[in-house]
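Data block below; observations after.
What you see below is based on every heavy atom in this structure, not just the backbone, and it leaves out hydrogens, waters and symmetry mates. Everything numeric here is computed off the predicted structure, so don't read it as measured data. All ligand and atom numbering here is 1-based and tracks the order in the structure.
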Amino acid sequence: MKINSLLLGAIVLVFSATAAAQQPIVIKFSHVVAADTPKGKASEFFAKRAGELTKGKVKVEVYANSTLYKDKEEMEALQLGAVQMLAPSLAKFAPLGVKEFELFDLPYLFDDYKELHAVTTGPVGKALLQKLETRGLVGLAYWDNGFKVMSANKPIRVPDDYKGLKMRIQSSNVLDAQMRAIGAIPQKMAFSEVYQALQTGVVDGTENPPSNLYTQKMHEVQKYVALTNHGYLGYAVITNKKFWDGLPADVRTALDAAMAEATKYANSIAKDDNDKAMEEVRKSGKSEILVPTAEQKIAMKKAMVKVHQQMADRIGKENIDTIYKATGFDPSKL
Ligand code: LMR
């Protein structure tokens with residue numbers, strides 16, 4: 001009898017040890033945009049490939065649309081270990097202690113994705129990810145979204161049209177300076193609150209790539225959308241360094257491979273997703289689409305480009321110079 005119960009105890013122990021060994025490592029991946037956006041789709045893609053390449057040792061749970069945490073809270077959750085991965089927009093890194101990421105917000109700096117990638121894959125992009133390590137984070141990749149449009153309830157074509165408009169922005173001082181440069185009044189606000197703020201008139205307008213504008217239905221509460229393409233919005237995928245370094249080496253290698261695939265995927269769908277979203281906005285007929293003339297574009301550019309020098313101390317003059325070289329941007333040629 002005694003031997004039997006000892007045997008039973010041993011069997012129970014073996015079973016629970018095996019079950020514990022088979023429990024997957026859970027990665028909670030929180031983000032604030034809709035599932036049907038470049039970031040939403042890329043995070044799902046990563047989740048699938050992470051499961052496959054680790055042979056089930058890792059389970060990535062994606063929480064879209066601020067369902068788990070909003071902008072500010074998700075940053076805190078990552079630092080506390082309540083979530084393991086995020087992909088905040090590059091405009092939101094100052095609270096994490098790396099304000100230089102705001103260089104990606106500089107208006108009219110990048111003409112297209114190619115110029116942008118020259119920077120993310122070049123020395124400046126790499127150094128910024130590296131700098132995150134001093135903040136207890138690991139930067140795993142850059143993911144594209146796209147180029148921003150402006151929206152409001154009155155026609156917005158030239159800087160004068162923005163005078164006095166309350167424009168929602170992300171938490172970036174470069175974006176703050178950009179809006180002030182055209183006479184607008186910037187209002188920093190969490191992404192999850194933008195639709196309601198537009199609907200109730202707490203703010204008059206905003207900026208975002210079409211994929212975000214459309215999937216949050218912002219165009220339904222904005223009468224005009226101007227195709228300004230005045231700035232870029234993209235992401236850095238980040239994880240908690242302590243968590244990352246604590247993973248078994250084979251798991252980390254597999255996750256790196258899954259992230260490389262997801263990055264390729266994200267950057268291959270971003271432009272098309274934004275083009276399609278803009279087409280849907282157009283088809284909806286809810287807001288009038290304003291296409292800037294060459295003169296209007298120059299007027300906006302002239303007003304906004306001074307922000308590059310205004311923000312040089314914040315983001316590093318040498319960073320700006322390196323980017324000018326990489327993209328061929330020449331402020332004297334405006
Ligand atoms: C925003 O707050 O407007 C964007 O950063 C949202 C996002 O993650 O694309």
* To do: Using heavy-atom distances, let me know which of Met218, Gln170, Gln216 sits nearest atom 4 (C) of ligand 1.
  => Gln170
* Check: Lys166 main-chain N/O paired with Asp204 side-chain donor or acceptor under 3.5 Å -> yes
* **Closest protein heavy atom (residue, atom, distance) for atom 9 (O) of ligand 1** => Tyr235 OH, 2.5 Å
* Asked: Nearest to atom 1 (C) of ligand 1, what protein heavy atom do you find, and at what distance?
  -> Phe191 CD1, 3.3 Å
Between [X] and ligand 1, which part of the residue brings a heavy atom under 4.0 Å of the ligand: side chain, backbone, both or neither?
| X | result |
| --- | --- |
| Thr37 | neither |
| Asn208 | side chain |
| Arg168 | side chain |

* **Between Ser211 and Asn145: side-chain donor-acceptor atoms closer than 3.5 Å** => yes
Give the atom numbers and elements of ligand 1 that come within less than 4.0 Å of a heavy atom of [X].
| X | answer |
| --- | --- |
| Ser89 | 5 (O) |
| Lys92 | 1 (C), 2 (O), 4 (C), 5 (O), 6 (C) |
| Leu233 | 4 (C), 9 (O) |
| Val33 | 6 (C), 7 (C), 8 (O), 9 (O) |

* To do: Evaluate the side chain to side chain contact (heavy atoms under 4.5 Å, CB included) criterion for residues Val202 and Gln187: first the C-alpha distance (whole Å), next the side-chain angles of each, then the deciding distance (0.1 Å), finally the verdict.
  => CA-CA 10 Å; Val202 168; Gln187 309 267 313; 5.6 Å; no
* Asked: Please walk me through it: do His308 and Phe329 pass ring-ring contact (aromatic ring centres under 6.0 Å, His included)?
  -> CA-CA 11 Å; His308 294 200; Phe329 184 90; 5.2 Å; yes
* Parallel, tilted or perpendicular, as decided by the 30° and 60° cut-offs, for the rings of His117 and Tyr113 -> tilted
* Min heavy-atom dist Lys39 to ligand 1 below 4.0 Å ->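 Per 4.0 Å heavy-atom rule, Lys39 contacts ligand 1.
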* Report yes if the side chains of Leu128 and Glu100 come closer than 4.5 Å at any heavy-atom pair, otherwise no. => yes
* Show the numbers, then the answer: is there a salt bridge (Lys or Arg N to Asp or Glu O under 4.0 Å) between Arg180 and Asp176? => CA-CA 6 Å; Arg180 288 183 197 282; Asp176 185 285; 2.6 Å; yes
* **Ion pair Lys41/Glu44, N-O distance below 4.0 Å** => no
